[in-house]
Amino acid sequence: MVSMVNELIVLTGNAHRELAESVCNYLDIPLGKADVFKFANDNTFVRIHENVRQRDVFIIQPTCAPVNDNLMELLIMIDACKRASAGRITAVVPYYGYGRTDKKDQPRVPITARLVADLLTTAGADRMLTVDLHAGQIQGFFNIPVDELTALPILTDYFLAKELSDLVVVAVDIGISKRARDVAERLHAPLAIIEKRRTGNDGQSEILNVIGDVEGKIALTFDDEILTGGTVVNAARALVEQGVSDIYCCVTHPVLSQDASVLIANSDFKELVVADTIPLPAEKRNGKITVLPVAPLLGEAIFRIHRGLSVGEMFN
Ligand code: R5P
């Protein structure tokens, strides 16, 4: 493991303490001490128990459920560090909640992904470090430097090691097809694309078409996140109807809301592989779900940002 100069400090709220501890293990530094809790009146309170004056502060906090609480904790922690004269503050947000609300595609709707970017900047974040945004353009919502990491090498290396023959990578909707193309290239496999249509604001979707040759092949469906599970489970059903021989799924962020993990357990998938950008509690896990760690990815990026080294080189 790398050994750090002492100006670096890593803090966390309550969203994913285990991930923050793993990142600190990678960096070989202790996790900074802070109280982050709610008063009886539901107000979040933060007290940092470390000197952060002029230090390079990294606050690790995915804005997963409970999204608003986790976001508020992050904002308040940034404010506390700013007021304590931190030298530089990086918001490390492995999962960027509200990322799906990134465009005005209906009348009178917000662009909340932009609002959250403004909130983080106004609170005092100097930099942002994140993993697999819902859309890369969200980087442009920030007027501070954003480093977007990707878990794709971690996910694809797992499948490379399986040496699956006659594989086809399937983008579960057109929006994800560019990233699915990268997955396909890494796995030396062809790409198929599912044409999906959202049927309203209730999370429901329908499949219109499977574009590409999948019959008799092992399919690996790819998406950035699973919420209700509807998208990937419908995709699996459509692929089985098209005659695939086996079917796997990989996504970066396992949001797994409602009964998504039950849906996955009862689905046609042989295995679902996800990253641990979001905590996956025991009740959401089942024998079909494999979780791969992103702490080395985040730890290495934090080390490089702190030392002024290239982050892009991590992916060469
Ligand atoms: C949508 O554009 C995203 O890429 C995912 O397909 C979506 O967030 C998955 O949601 P669900 O699991 O509820 O279908």
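Just follow the structure's listing: the first ligand is 1, and inside any ligand the first atom is 1. Model, not experiment: these values are computed from the prediction. The first residue of the sequence shown is numbered 1, and numbering continues consecutively from there.
Those atoms of ligand 1 that come under 4.0 Å of a heavy atom in Lys196, given as number and element, are 1 (C), 6 (O). Those atoms of ligand 1 that come under 4.0 Å of a heavy atom in His134, given as number and element, are 1 (C), 2 (O), 3 (C), 4 (O).
Between the side chains of Asp132 and Thr150, a donor-acceptor pair is found at a separation under 3.5 Å. Looking at His134 and Asp102, their side chains never bring a donor and an acceptor atom within 3.5 Å of each other. Side chains of Thr252 and Glu225: no donor on one and acceptor on the other come within 3.5 Å.
The shortest N/O to N/O separation between Leu227 and ligand 1 falls below 3.5 Å. Among the atoms of Gly229, some N or O lies under 3.5 angstrom from an N or O of ligand 1.
Heavy-atom separations between Asp224 and ligand 1 include at least one value shorter than 4.0 Å. Using a non-hydrogen distance threshold of 4.0 Å, Val172 does not register as a contact of ligand 1.
Sparse packing is recorded around CE of Met72, with 12 or fewer heavy atoms of other residues, nucleotides or ligands lying under 6.0 Å away. The 12-atom threshold is not exceeded at NZ of Lys33, counting heavy atoms of other residues, nucleotides or ligands nearer than 6.0 Å.
The hydrophobic cluster containing Ile278 also includes Tyr95, Leu227, Val255, under a criterion of side-chain heavy atoms closer than 4.5 Å among ILVMFWY residues, counted directly or through chains of members.
When heavy-atom distances to ligand 1 are checked against a 4.0 Å cut-off, Asp173 comes that close only through its side chain, counted from C-beta outward.
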